[in-house]
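Step one of this worksheet: look at the structure below.
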2 protein chains.
Amino acid sequence: MDRVDWALLGALQEDARLSYNELARRVHVSPPTVAQRVRRLENAGVITGYRAAVDPTAVGRPVIALVRMKCYGPRCITVHPELLDDCPEVVEVVRLTGDICSVVKVVTTSISELERLLVRLGGYGETSSAMVLSTPIPWRPVTAG
Amino acid sequence: MDRVDWALLGALQEDARLSYNELARRVHVSPPTVAQRVRRLENAGVITGYRAAVDPTAVGRPVIALVRMKCYGPRCITVHPELLDDCPEVVEVVRLTGDICSVVKVVTTSISELERLLVRLGGYGETSSAMVLSTPIPWRPVTAG
DNA sequence: CGTGAAATACAATAAGC
DNA sequence: GCTTATTGTATTTCACG
């Protein structure tokens, strides 16, 4: 992780579709070197994927919520996330320290769909939900800082 | 948003670096059609960007936390997110309904750096933090479902 | 580990269906 | 609005320093 690696990481976090030529220009190394470095970062697990970011509202899923879970013992969704494989509305689950065992981000078409999902999640634990009004900072790159 | 658009969205959420040729092969339309459709999705605000996903642990930032904020009146960070412009550790802020005004995701190198950040955030409101133990579901694509 | 030069593959435009 | 064809450029691999 030298200065070149961080520059590549920064550029790819801002725009994952930049070509190796364009990256080479910005980082001031040759295109093959860029290709080699990027592959190294991928294989080392630093870059875990490249994703198009989709605005849920723009595709008819304007109802977003964060659900805090206190799971009932061994069926905890943090240890069995596959329980949610048939819930495409669930887009993220993070396991936490403290009395809240996880926070689940859900993206739904409507309040009633959200309600159905909360019923489903309620089967795994105590839920407490809050709707997302907006996302003042949707993301930030991880930097060398 | 017909079936082809959803297929393109799905493919680009899984791998944002797929070429138009490769996308054309998978979705069974011609490359120029892919280019046209993808550009339409970008301009319509459906695709808001393409980002490389970075594993914070792999770059020396293993201490991740979710901080719930109850801001003090008008200096609420949800209405003035620029207050956090000089905090690169803050990677996401979502505004919520309910008594918690926002949840802030922070990515830090160490517990002591997390502590410094909590002091800073404490200047804007009451904080309640929980550390991220793992991410059982780090993300999921938005689908036609 | 980095650079340079080869063949291959890709993107973009324009024209036609 | 989708496809085919063409042109120019980008990407990749290999060989070399």
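Heavy-atom basis, side chains included; hydrogens, waters and symmetry copies ignored. Note that the coordinates shown come from a computational prediction; the quantities given were computed from them, not determined experimentally. Here is how names work: the chains are called A, B, and so on, in the same order as the sequence lines, proteins then strands, and each is numbered from 1.
- Connection of B:Val4 to A:Val54 is established within a shared hydrophobic cluster, with ILVMFWY side chains joined at heavy-atom distances below 4.5 Å, either directly or through further cluster members.
- Taking a pair as Watson-Crick or G-U wobble with both distances under 3.5 Å, the runs of three or more consecutive pairs in DNA chain D are C:3-5 with D:13-15, C:7-17 with D:1-11.
- In this view, A:Ala58 and A:Asp55, B:Val46 satisfy the side-chain contact (heavy atoms from CB on, under 4.5 Å) rule, not counting sequence neighbours.
- Remark: A:Ala7 pairs with A:Val27 by the side-chain contact (heavy atoms from CB on, under 4.5 Å) rule, at least two apart or across chains.
- For B:Arg26, the salt bridge (Lys or Arg N to Asp or Glu O under 4.0 Å) partners two or more places apart in sequence, or in a different chain, are B:Glu22.
- Within the structure, every pair that satisfies the side chain to side chain donor-acceptor pair (under 3.5 Å) test and touches residues 92-104 of chain B, not counting sequence neighbours, is listed here: A:Lys105-B:Glu92, B:Thr78-B:Arg95.
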Give me, pair by pair, the N or O atoms of the protein and of nucleotides 15-17 of chain D that are less than 3.5 Å apart, along with how far apart they are.
none

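- Listed by chain and number, the residues in a side-chain contact (heavy atoms from CB on, under 4.5 Å) with A:Glu42 are A:Val38, A:Arg39, A:Ile47, A:Tyr50 (sequence neighbours excluded).
- Through side-chain heavy atoms spaced under 4.5 Å, either directly or across other Ile, Leu, Val, Met, Phe, Trp or Tyr residues, B:Val79 is tied to no other residue.
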note = Counting primed atoms, P, OP1 and OP2 as sugar-phosphate and everything else as base, the B/S/- map of nucleotides 2-17 of chain C against protein heavy atoms under 4.0 Å is BBB-----SSSB----
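- Screening residues 82-91 of chain A for side chain to side chain donor-acceptor pair (under 3.5 Å) gives A:His80-A:Glu82, A:Asp86-A:Arg120 as the qualifying pairs, with residues at least two apart or on separate chains.
- Sequence neighbours left out, the pairs with a member in residues 1-21 of chain B that pass salt bridge (charged side-chain N to carboxylate O under 4.0 Å, His left out) are B:Asp2-B:Arg37, B:Asp5-B:Arg37, B:Asp5-B:Arg40.
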N/O donor to acceptor pairs below 3.5 angstrom from side-chain atoms of residues 127-142 of chain A, sequence neighbours left out:
from     : atom 1 : to      : atom 2 : distance (Å)
A:Arg140 : NH1    : B:Cys87 : O      : 3.0
A:Arg140 : NH1    : B:Val90 : O      : 2.8
A:Arg140 : NH2    : B:Leu84 : O      : 3.0

